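Data first, discussion second: the structure below is written as structure tokens.
Atom set for the values below is all heavy atoms of this structure, side chains included, hydrogens, waters and symmetry mates excluded. Predicted, not measured: the structure shown is a model, and the values here were computed from it. Chain letters run A, B, ... following the sequence lines, proteins first and then strands; every chain starts at 1.
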Amino acid sequence: MSGVRIETAGGLVKELVEAINANRTWLSEIDGAIGDGDHGINMSKGFTSAGAKLGDTPPPLPEALNVLSSTLMEDMGGSMGPLYGYLFSRMADALEGKSKLEADDFGAMLRGALEGVQEIGSASVGDKTLLDALAPASEAFDAALAAGKPFPQALDEMAVAAERGRDSTRDMVAKVGRSARLGERSRGVMDAGASSCCLILQTLANGIKTRLSE
Amino acid sequence: MSGVRIETAGGLVKELVEAINANRTWLSEIDGAIGDGDHGINMSKGFTSAGAKLGDTPPPLPEALNVLSSTLMEDMGGSMGPLYGYLFSRMADALEGKSKLEADDFGAMLRGALEGVQEIGSASVGDKTLLDALAPASEAFDAALAAGKPFPQALDEMAVAAERGRDSTRDMVAKVGRSARLGERSRGVMDAGASSCCLILQTLANGIKTRLSE
Amino acid sequence: MNRIINNPDLVVEDAVRGYLKAHKDLVAPTDNPRVIRHHLAPQKGKVGVVTGGGSGHEPAFLGYVGDGMIDAVAIGEIFSSPSAKAFHDAFVAADGGRGVACLYGNYAGDNMNVKLAVKQAAAHGLTIKTVVANDDVPSAPKSEPQKRRGVAGEILMWKVGGARAAEGAELDEVIASAQKAIDSTRSIGVGLSACTIPAYGKPNFSIEDGMMEVGIGHHGEPGVKVMETRPAREMADLMLDHVLPDLPFESGDDLAVLVSGLGATPVMELYILYDRLSEVFAERGMKVRHPFIGNYFTSLEMMGVTLTIMRLDSELDRLVGAPARSVGLTKVAL
Amino acid sequence: MNRIINNPDLVVEDAVRGYLKAHKDLVAPTDNPRVIRHHLAPQKGKVGVVTGGGSGHEPAFLGYVGDGMIDAVAIGEIFSSPSAKAFHDAFVAADGGRGVACLYGNYAGDNMNVKLAVKQAAAHGLTIKTVVANDDVPSAPKSEPQKRRGVAGEILMWKVGGARAAEGAELDEVIASAQKAIDSTRSIGVGLSACTIPAYGKPNFSIEDGMMEVGIGHHGEPGVKVMETRPAREMADLMLDHVLPDLPFESGDDLAVLVSGLGATPVMELYILYDRLSEVFAERGMKVRHPFIGNYFTSLEMMGVTLTIMRLDSELDRLVGAPARSVGLTKVAL
Ligand SMILES: Nc1ncnc2c1ncn2[C@@H]1O[C@H](COP(=O)(O)OP(=O)(O)O)[C@@H](O)[C@H]1O
Ligand SMILES: Nc1ncnc2c1ncn2[C@@H]1O[C@H](COP(=O)(O)OP(=O)(O)O)[C@@H](O)[C@H]1O
Ligand SMILES: [Mg+2]
Ligand SMILES: [Mg+2]
Ligand SMILES: [Mg+2]
Ligand SMILES: [Mg+2]
């Protein structure tokens with residue numbers, strides 16, 4: 001067991017589509033509390049359309065990620081189109097020239113995703129956005145690797161950090177996006193983008209772990 | 001005791017205004033069941049504005065009735081403007097040249113009212129309109145006089161007939177006005193116009209009886 | 001009820017005052033606070049065109065006073081006919097010496113008040129002729145047209161009558177064109193939620209969520225059928241099934257089509273309905289020459305939609321397409 | 001929820017299709033189903049004017065494509081920014097060789113998508129300049145204009161930019177006029193009831209009956225204050241208290257005033273509000289030269305109203321008053 005064959009890992013993206021669709025209502029409800037209640041709808045529409053483009057036998061992982069990215073950027077609109085569009089295109093970039101997805105590569109994917117989102121959205125950690133799930137997840141993964149932990153365990157720690165990061169948004173005051181205007185009133189509920197981002201990271205972690213153990 | 005002095009009976013019209021205002025909500029609710037729920041509002045607006053014109057010392061009864069009539073016709077609109085406008089102007093006509101309102105005169109007032117309403121509205125008894133209170137009331141009054149009953153008793157019988165007529169509309173299918181289109185579905189509730197007409201006739205009967213006994 | 005009003009008994013007064021302030025380039029007050037006239041009315045030598053009706057249908061009725069449209073309007077209480085005096089005063093305000101065409105809708109109150117007003121006006125030497133709109137198909141069988149209500153077809157009748165008068169036609173010609181307009185027009189409404197008259201304070205009828213009332217009237221008069229709300233495409237087909245066979249409209253017909261929201265329906269949904277309507281027109285070989293989509297004739301904040309179809313001959317086509325300028329409907333000469 | 005839709009996930013697709021069928025004299029489709037262009041666009045030698053935004057605000061945004069207004073529009077999901085590709089394709093559809101002015105509203109999604117689209121377009125050799133509307137006073141303090149949302153003031157910005165482009169101005173001139181337009185404009189909204197996005201199926205926020213939310217956004221973004229609904233006169237005063245001191249508007253100012261319903265508010269109530277507004281303008285020595293009252297920028301079936309005020313100099317006065325023809329706004333040369 002060393003890495004995941006990129007060639008046949010395009011199915012990971014299909015799993016993301018399924019995860020988003022399964023949580024469509026939940027994501028919209030979270031967005032409804034301090035946003036406009038459409039996060040699940042937006043995500044589901046964009047991801048479903050990417051899923052359709054990928055078909056039953058998806059291409060290799062980087063291509064699949066790029067299909068997802070460009071579908072989101074072209075069709076989805078909203079804030080999520082550019083933000084997740086950049087996120088997934090940077091993930092794909094990190095795999096350029098690779099045939100196996102090793103632990104290091106996944107670390108690079110997460111760092112690239114983080115940079116991409118910050119570049120287009122110019123938000124910071126602590127602003128109550130998806131960054132608050134993504135940034136601690138990326139750090140936790142790198143830290144686990146630095147501590148010599150194996151890939152699956154690093155994935156677990158990443159997933160836990162993403163969840164903790166998502167939950168940490170409950171206590172934050174939104175600084176960007178629709179809910180920013182609420183000021184103190186935005187405190188007390190989770191951020192929708194952090195919730196979908198955590199879901200995406202967990203789904204990736206599970207999918208990779210399954211493939212690692214096959 | 002013989003008749004009511006017309007000169008000082010303008011207050012009867014003020015009593016009508018009060019009665020209508022006191023029953024504003026009730027009349028609208030009745031109209032709401034198979035009409036558009038505004039009968040109380042319409043009547044109250046028209047009658048209140050006539051009441052204001054009459055002031056604290058109303059003119060003699062025929063003049064007061066004519067003020068009411070023309071206010072309804074000029075300001076009120078709707079179906080009730082012309083219908084009640086004609087009704088009260090015909091009542092006033094019946095008093096022309098009189099100084100006392102005797103039993104016969106009141107009979108003439110009712111017959112005039114009935115004719116006026118039929119002329120402008122071209123509805124028939126049984127169509128589920130205010131005619132279904134007015135026509136039996138007028139007949140009952142004439143019948144009581146023909147049977148030699150005294151004015152107050154004839155008024156009582158007229159009031160009972162008006163109420164019975166009003167209640168009889170419950171079982172009718174509307175043939176004119178807004179509720180006509182309901183067909184069979186208009187059965188089962190009282191007609192709004194019959195309800196206000198009954199109220200008006202009862203108020204007149206009470207007012208005349210009080211004045212007869214003074 | 002949660003609304004933008006002052007005194008619930010004075011909503012008409014307050015709104016008319018605001019309307020007069022907002023549209024000085026189009027309208028002017030008269031001595032009767034319930035009558036608004038075109039700012040140039042009466043126009044000498046032009047046949048006057050008058051309408052009137054209850055309030056709560058805005059932009060109908062007052063919003064159609066304007067160039068190539070209505071010259072004076074009588075304004076009633078919410079959902080209630082204007083008084084005879086208001087109609088009369090509107091006739092006076094519109095009369096430029098060549099008579100007045102009173103184009104109104106078939107409701108008991110309006111019929112009585114117009115009748116009285118015409119009588120009064122005649123006594124003062126005015127010539128008034130009337131056309132009464134009865135375009136609402138579900139409101140009575142075809143065999144009893146005199147029992148049918150006038151609904152959004154009135155707008156097309158005003159457009160035609162107004163344009164004809166603007167052309168300089170005689171009173172009888174204006175009346176004939178307006179009569180032809182309404183005779184060539186059929187409508188139907190579907191209600192999805194009720195509305196609240198401010199002075200009454202609560203809805204005076206109800207439509208269950210998830211149900212639609214087919215054939216509902218502009219004041220909530222009950223329709224011919226209450227059924228589960230269908231997808232927009234089926235709603236469109238159902239409406240057409242009532243309206244098309246009634247005239248009947250046939251292959252080869254040129255049409256004016258007016259789709260109006262009842263007040264609270266999001267505008268995009270009118271287009272969702274129109275998408276299917278226009279598909280059917282195409283399938284049946286009918287051509288829509290003048291589509292009007294928007295809130296043309298509302299019922300306070302009712303949800304729902306009305307469909308109005310007019311069959312055009314060359315005269316109606318010309319008159320519907322003629323330039324007009326009013327708050328409710330503007331046609332620009334292209 | 002009880003509405004005129006087919007598939008709740010396809011309301012935008014269905015509505016746009018219907019819109020294109022209804023208004024062939026004004027608009028035409030493009031290869032991108034989320035982009036509609038003026039039927040004559042691109043017009044060679046004319047600066048293109050583009051906007052875009054989420055759906056559910058009809059007639060905004062697509063309803064302002066027309067003569068003297070917008071050349072192409074990018075259409076988003078309900079309450080959601082159009083994609084970068086849609087903005088890009090709208091630029092292409094509008095570009096007549098003299099560059100494109102993209103006049104849009106200040107929302108995170110729109111900012112990002114426009115930024116990406118401009119980058120892409122530049123890579124293809126197009127010149128795009130942008131103005132971002134931020135007229136909504138309650139959405140951020142005056143000291144942070146970059147945080148303020150764009151609301152109904154966008155319509156006046158489009159009117160000005162569109163008219164300037166129609167005059168034959170250069171891109172920089174169009175941009176300068178549109179920027180001046182929005183810099184001279186302030187808005188505020190008051191919400192009286194919530195709205196339901198069909199795909200979500202229930203309101204995603206709520207306003208209690210009898211309460212009003214002052215400063216609410218066009219997507220239900222919370223306002224600055226929830227309080228008991230006041231009579232229309234006090235509502236007007238409250239709105240003016242937020243808006244007038246912000247620019248500030250002063251005695252002697254000439255104004256354009258736009259009062260828009262949020263979707264379900266009966267039109268007569270907009271006039272009830274305007275009656276008081278115009279009283280205050282008169283008292284304060286301000287003159288309303290261009291009043292616009294109606295459903296110009298809605299939020300599905302929300303109840304409530306927005307007020308937008310623009311201070312006019314002679315240029316803005318000319319451009320706001322210039323002829324225009326579109327579904328949402330038509331100005332006829334008098
Ligand atoms: N600048 C930004 N950077 C990162 N994430 C952002 C930014 N702006 C918004 N978000 C995320 O977007 C989420 C809302 O997404 P969504 O509801 O789909 O879009 P919208 O706000 O347009 O309705 C927020 O919960 C937040 O996490
Ligand atoms: N032609 C008519 N003759 C007599 N009464 C009529 C006629 N048409 C309507 N009515 C009466 O009018 C009443 C309704 O009055 P109202 O609600 O005030 O007016 P609207 O129907 O215009 O809302 C009905 O209940 C009926 O009694
Ligand atoms: Mg959202
Ligand atoms: Mg009634
Ligand atoms: Mg009524
Ligand atoms: Mg959104």
Side-chain angles (χ1 to χ4, degrees), chain B residues 21 24-46 48-49 69-86 89 116-117 119-123 127 129-130 174-186 192-193, chain C residues 8-10 12 32-34 52-56 74-89 107-117 120 136 138-140 147-149 194-206 215 217-224 299:
Chain B
N21 282 335
R24 174 189 150 121
T25 310
W26 178 67
L27 291 172
S28 283
E29 264 160 19
I30 294 176
D31 190 36
I34 54 168
D36 61 353
D38 62 358
H39 188 60
I41 301 166
N42 296 342
M43 294 290 283
S44 159
K45 207 160 172 174
T48 304
S49 132
S69 165
S70 63
T71 305
L72 298 184
M73 281 214 258
E74 288 178 12
D75 298 354
M76 184 163 137
S79 308
M80 293 298 100
L83 287 167
Y84 276 119
Y86 263 53
S89 102
V117 170
E119 185 189 320
I120 178 78
S122 31
D127 286 354
T129 70
L130 61 89
K175 299 259 165 50
V176 299
R178 257 181 235 296
S179 26
R181 278 212 46 269
L182 273 173
E184 272 302 324
R185 282 199 275 158
S186 64
Chain C
D9 286 338
L10 298 177
V12 177
N32 187 329
R34 290 309 181 89
S55 295
I75 299 164
E77 278 305 297
I78 297 221
F79 292 179
S80 190
S81 168
S83 69
K85 178 144 179 36
F87 274 112
H88 172 270
D89 292 351
Y107 295 92
D110 296 291
N111 283 323
M112 286 186 250
N113 285 297
V114 167
K115 186 161 137 188
L116 290 174
Q120 274 177 32
D136 190 36
S139 54
K147 288 201 179 166
R148 285 185 169 177
R149 295 184 296 249
C195 61
T196 296
I197 301 178
Y200 189 51
K202 56 191 169 190
N204 71 317
F205 66 103
S206 71
H218 266 133
H219 315 90
E221 295 95 332
V224 288
S299 301

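Among C/Gly54, C/Ser80, C/Pro203, the residue with the largest count of heavy-atom pairs under 4.5 Å with chain B is C/Ser80. Listed options B/Thr25, B/Leu72, B/Leu83, B/Val176 were ranked by heavy-atom pairs under 4.5 angstrom with chain C; first place goes to B/Leu83. Ranked by non-hydrogen atom pairs under 4.5 Å with chain C, the options B/Gly40, B/Gly85, B/Ser122, B/Gly37 are led by B/Gly37. Among the candidates C/Ser81, C/Gly201, C/Ala74, C/Pro82, the residue making the largest number of heavy-atom pairs closer than 4.5 Å to chain B is C/Ser81. Options C/Asp89, C/Ile197, C/Asp9 differ in how many heavy-atom pairs under 4.5 Å they form with chain B, and the most are formed by C/Asp9. Between chain C and the residues B/Gly32, B/Gly78, B/Ser79, the largest count of heavy-atom pairs under 4.5 Å involves B/Gly78.
Annotation for B/Met76 and B/Gly81: closest pair CE-N, 3.8 Å, computed over non-hydrogen atoms. Annotation for C/Tyr200 and B/Ser28: closest pair CE1-CB, 3.3 Å, computed over non-hydrogen atoms.
For B/Asp75, the salt bridge (charged side-chain N to carboxylate O under 4.0 Å, His left out) partners are B/Lys53, not counting sequence neighbours. Every residue meeting the salt bridge (charged side-chain N to carboxylate O under 4.0 Å, His left out) condition with C/Lys202, not counting sequence neighbours, appears here in chain and number order: B/Glu29.
Residue C/Tyr107 touches chain B through its side chain alone, counting heavy-atom pairs closer than 4.5 Å. Looking at B/Ile41, the atoms closer than 4.5 Å to chain C (heavy atoms on both sides) all sit in the side chain, from C-beta outward.
When only modelled atom types and interatomic distance are considered, B/Thr48 and B/Asn21 share a side-chain donor-acceptor pair under 3.5 Å.
Atom CE of B/Met73 is separated from atom OG of C/Ser83 by 10.5 Å, given to the nearest 0.5 angstrom.
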